[in-house]
K.L.:
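I have a structure I would like to understand better, so I am pasting it below and will then ask my questions one at a time.
Every chain is numbered from 1 and lettered A, B, ... according to where its sequence line falls, protein lines coming before strand lines. Scope of the values below: all heavy atoms of this structure, side chains included, with no hydrogens, waters or symmetry mates.
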There are 2 protein chains.
Amino acid sequence: MFSMSLPTLADVARAVGVSRTTVSNAYNRPDQLSKQLRDRILAAAEDLGYPGPDPVARGLRRGRTGVVGLVYDEPLSYMFTDPAAVLFVTGLATVFDDAGTSLALLPRLRVDDPDAGVLAEAAVDGLVSFCEASDDERIAAFVARRLPFVTVDGGSTRAACRVGIDDRGGTRAATRHLITLGHRRLAVAAFPRHHHEGRPGRPERGALRPARLGGIRDAVEDAGLPWDSVVVESADEEGTRREAGRRVGGRILDRSPRPTAVVAMSDELAAGVIDAARDRAISVPDELSVVGFDDTPTAASTAPALTTVHQPLVAKGETAARLLLDGAPDAVVELPVELVVRESTAPPP
Amino acid sequence: MFSMSLPTLADVARAVGVSRTTVSNAYNRPDQLSKQLRDRILAAAEDLGYPGPDPVARGLRRGRTGVVGLVYDEPLSYMFTDPAAVLFVTGLATVFDDAGTSLALLPRLRVDDPDAGVLAEAAVDGLVSFCEASDDERIAAFVARRLPFVTVDGGSTRAACRVGIDDRGGTRAATRHLITLGHRRLAVAAFPRHHHEGRPGRPERGALRPARLGGIRDAVEDAGLPWDSVVVESADEEGTRREAGRRVGGRILDRSPRPTAVVAMSDELAAGVIDAARDRAISVPDELSVVGFDDTPTAASTAPALTTVHQPLVAKGETAARLLLDGAPDAVVELPVELVVRESTAPPP
DNA sequence: TGGCGACTCTGTATCGATTCAGAGCACGAG
DNA sequence: CTCGTGCTCTGAATCGATACAGAGTCGCCA
């Protein structure tokens, strides 16, 4: 009545009186045997309750599993919550979906897992890394497996295959826009700093996305302004990014002299800054200009609508997915960005 | 210089001059060999470029892969876009993340894939099905593999292990609320109908989530009102759910006599209905009452704030994940719902 | 009649690891 | 001196399938 273990292909072969190869062919190469025999095999399989070739065994023999992994190094909820991440993953998932490939959300890299066991143990055909390059060393554990690997937005990564955007040019353009409008007291609402507390030999690194900060600095220095006149405040990781932005915005706006313009590293942060301004009855853009980055739906829905740097997030996901599927080993793709001027920027008061 | 294929555990064993078992133990059971030998083995592995035990081979031998699958039967983008889905998946992913398990987003079940090959071929330890029960037959292909399997919100499913909510009670309470307020001309903004065009022998089924419709009917009939006085409009699948809701709302509001209250099957649809009302300068709640379902963040952010049926979405995800991890084969969990009255409902004009 | 190709089907090696029972050895207790 | 015990390490079997080379049969054509 109740068999401990599932029948295998060999059981079916025995039942029908054919070789294992033939049963395998019945599933994988219908043209290699007569329709008649095939039907007999399939019927026997049905009888025995054989669920078809085991995916893992097949994966071992074939050398591919039909799964690609995604590593993400921020609080997991952001992947579903942060509009930029959502758009990116949507692009990614759509292409994989069409290709019949599964997308495995790998567990976060853990501070207490310096060997990146998770990456070494993931049964995948390839990997998309959607996190800061600071994890290069851990990701090496994966690269050693010689599987296709695409890094997305990996600032300083040396990975062979990557897709990214012109972060630096983006914030540079945004900052120049503000300076051109006449702003001189600038502030930056930056991403949180990365935490490596638990990792020996890994000093605290700078803020996330140094290239975006670099672009701001470029524009500031291009204009002959002193970089240290720029206030840089980093977000924390409590709650949503927007909430964090509101706190950062608060810290920026409570300084004196109060900055007249804020460059935020993402639209969520920018929206939070606008929230903070509203909290303080500071008018945007009359008393404060704010620029964002990403051009997610958030940017169009803030009041006032956000001036921001557009990046093709869905396309970025699609590109990454396609690179992985095509197995292009050494492609380096940089997608363009574009400043979109809306209503959140104006000359300073 | 360049070897065609990666070294295997056997190569390492040969290099060090020990048995394969010992190398395996070096990775999996450090206490089974002397620290000294272990270090020697690990060093040799490093030298040879051996990336550690192959996950697929290990999976085959061990019988588990560390991956669970998620099937979703709506346009994939909804998983990241629809707030209710987002909350659910967040709960799911959080628990798996903590457990060190990967969550594989399986490709959508395809109309042209009646054998559910995707499900039969997924190399997973278990499956969460987040789709309508109408796919029972296809999911049977998975169940045959005797792996843990949890159905979420699977209306009419007969699956052994499921978690859901009291859909029927929820819409019933919401509808009763409207009727108590005095509404008599009710309309329903329903989910899209399922499409089975391509599948022989599968007639078009009713709308998604019949239980929610059933609850509405319950309340209507409890009140002694004729069911066929209730207008039921189904959404389509173009664009976002909210956009679809706006179109459905338009169709409802353009009828005459115009209904005075709308029961929407989700907050997104409800928000869309409110959008449609605004398009037509119909005041909510003065001229039109709207109730939603889910109590996602959307509900609090519409203007006016939405009266809705709260369901514990994150908890639903967590519960499903935990059931799967615990391998509870026959649990049936029904989470409670609760009517939350806000500002979108009032007596009819 | 011989030869060739098409069609079916088979046997064995292989994918890369883990498991399990047990062998060899050293050491302390009795 | 012997036995039991603990520590290391080994060998063979096994997980469940697919690849590859080839064997047998049959019909067709020269």
K.L.:
With sugar-phosphate meaning primed atoms plus P, OP1 and OP2, does A:Ser34 contact a base, only sugar-phosphate, or nothing at under 4.0 Å between heavy atoms?
P.N.:
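Answer is sugar-phosphate: A:Ser34 comes under 4.0 Å of backbone atoms only.
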
K.L.:
Expressed as a whole number of angstroms, how long is the span from B:Leu9:CG to C:dT19:P?
P.N.:
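Result: 12 Å.
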
K.L.:
Taking only N and O in the side chain of A:Ser19, is any of them less than 4.0 Å away from OP1 or OP2 of C:dT10?
P.N.:
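Answer yes for this pair, as a side-chain N or O of A:Ser19 is under 4.0 Å from OP1 or OP2.
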
K.L.:
Considering only side-chain heavy atoms of A:Thr22, which listed nucleotide, C:dA13, C:dG16, C:dT10, is closest?
P.N.:
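Of the options given, the side chain of A:Thr22 lies nearest C:dT10.
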
K.L.:
Base, sugar-phosphate or nothing for A:Thr8? Non-hydrogen atoms, less than 4.0 Å.
P.N.:
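Sugar-phosphate contact only - A:Thr8 comes under 4.0 Å of backbone atoms but never of a base.
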
K.L.:
Hey, can you pull the donor-acceptor pairs under 3.5 Å for the side chains in residues 9-17 of chain B, sequence neighbours left out?
P.N.:
{"unit_1": "B:Asp11", "atom_1": "OD1", "unit_2": "B:Arg14", "atom_2": "NH1", "d": "3.1"}
{"unit_1": "B:Asp11", "atom_1": "OD2", "unit_2": "B:Thr8", "atom_2": "N", "d": "2.7"}

K.L.:
Using only atom types and a distance under 3.5 Å, with no angle test, would you say the side chain of B:Ser24 pairs donor to acceptor with the backbone of B:Arg20?
P.N.:
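Checking the backbone N and O of B:Arg20 against the side chain of B:Ser24, no donor-acceptor pair under 3.5 Å is found.
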
K.L.:
Check for a donor-acceptor pair, side chain of B:Asp125 on one end and backbone N or O of B:Arg64 on the other, with a separation under 3.5 Å.
P.N.:
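Not at all, since once roles are kept as given, no pair shorter than 3.5 Å links the two residues.
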
K.L.:
Describe, as an angle rounded to 10 degrees, how the axis at the first end of the helix from C:dT1-D:dA30 to C:dG30-D:dC1 is tilted relative to the axis at the last end, five pairs per end.
P.N.:
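Overall, the helix from C:dT1-D:dA30 to C:dG30-D:dC1 bends by 50° from one end axis to the other.
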
K.L.:
Under 4.0 angstrom, heavy atoms only, what part of the nucleic acid is B:Thr21 near: base, sugar-phosphate, or nothing?
P.N.:
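The residue B:Thr21 makes base contact.
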
K.L.:
If you only use heavy atoms from C-beta on, which nucleotide in C:dA17, D:dC15, C:dC9 is closest to the side chain of B:Leu60?
P.N.:
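Taking heavy atoms from C-beta onward, the closest nucleotide is D:dC15.
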
K.L.:
Nearest whole angstrom, please: distance from the P of C:dT19 to the CZ of B:Arg58.
P.N.:
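B:Arg58 atom CZ is separated from C:dT19 atom P by 9 Å.
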
K.L.:
Indicate yes or no: does A:Asp97 engage B:Arg108 in a salt bridge with an N to O separation below 4.0 Å.
P.N.:
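No, this pair does not count.
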
K.L.:
Hey, does A:Arg29 reach any base, or is it just sugar-phosphate, or nothing, if we go heavy atoms under 4.0 Å?
P.N.:
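Here A:Arg29 touches the backbone only, sparing every base.
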
K.L.:
Quick one: A:Arg20 CZ to C:dT8 P, roughly how many Å, whole number?
P.N.:
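Atom CZ in A:Arg20 sits about 23 Å away from atom P in C:dT8.
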
K.L.:
Categorize A:Tyr50 for me: base, sugar-phosphate, or nothing, with a 4.0 angstrom heavy-atom threshold over every strand shown.
P.N.:
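Sugar-phosphate: the residue A:Tyr50, judged by heavy atoms under 4.0 Å, touches backbone atoms but no base.
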
K.L.:
Flag the pair B:Val68 / B:Leu127 as yes when at least one side-chain heavy-atom distance between them is below 4.5 Å, and no otherwise.
P.N.:
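No; the side chains remain at least 4.5 Å from each other.
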
K.L.:
Over all strands shown, is B:Val18 touching base, sugar-phosphate only, or nothing at heavy-atom distances under 4.0 angstrom?
P.N.:
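It contacts sugar-phosphate atoms only.
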
K.L.:
Looking only at the side chain of A:Arg61 (C-beta and beyond, no hydrogens), which of the listed nucleotides C:dT14, D:dT14, C:dT10 gets closest?
P.N.:
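In terms of side-chain proximity for A:Arg61, the closest of C:dT14, D:dT14, C:dT10 is C:dT14.
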
K.L.:
Side chain of A:Asn25 only, heavy atoms from C-beta on: which candidate in D:dT8, C:dT10, D:dT18 is closest?
P.N.:
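Of the candidates, C:dT10 comes closest.
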
K.L.:
With a 4.0 Å cut-off on N to O distance, would you call B:Asp39 and B:Lys35 a salt bridge?
P.N.:
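Here B:Asp39 pairs with B:Lys35 in a salt bridge, since their nearest N and O are under 4.0 Å apart.
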
K.L.:
Going by an N to O cut-off under 4.0 Å, is there a salt bridge joining A:Asp153 and A:Lys316?
P.N.:
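Salt bridge: yes.
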
K.L.:
Rounded to whole angstroms, how far apart are CG on B:Asn28 and C1' on C:dC20?
P.N.:
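Those two atoms, CG and C1', are 15 Å apart.
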
K.L.:
Taking CZ from A:Arg62 and P from D:dC20, how many angstroms apart are they, rounded to a whole number?
P.N.:
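Answer to the nearest Å: 12 Å.
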
K.L.:
With respect to the phosphate group of C:dT18, does any side-chain polar atom (N or O) of B:Ser24 fall under 4.0 Å of OP1 or OP2?
P.N.:
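Looking at the OP1 and OP2 atoms of C:dT18, one of them is under 4.0 Å from a side-chain N or O of B:Ser24.
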
K.L.:
NA contact type, A:Leu33, heavy-atom cut-off 4.0 Å: base, sugar-phosphate, or nothing?
P.N.:
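It contacts sugar-phosphate atoms only.
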
K.L.:
Is a donor on one side and an acceptor on the other found under 3.5 Å between the side chain of B:Arg38 and the backbone of B:Ala26?
P.N.:
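The answer is yes, because a donor-acceptor pair under 3.5 Å joins these two groups.
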
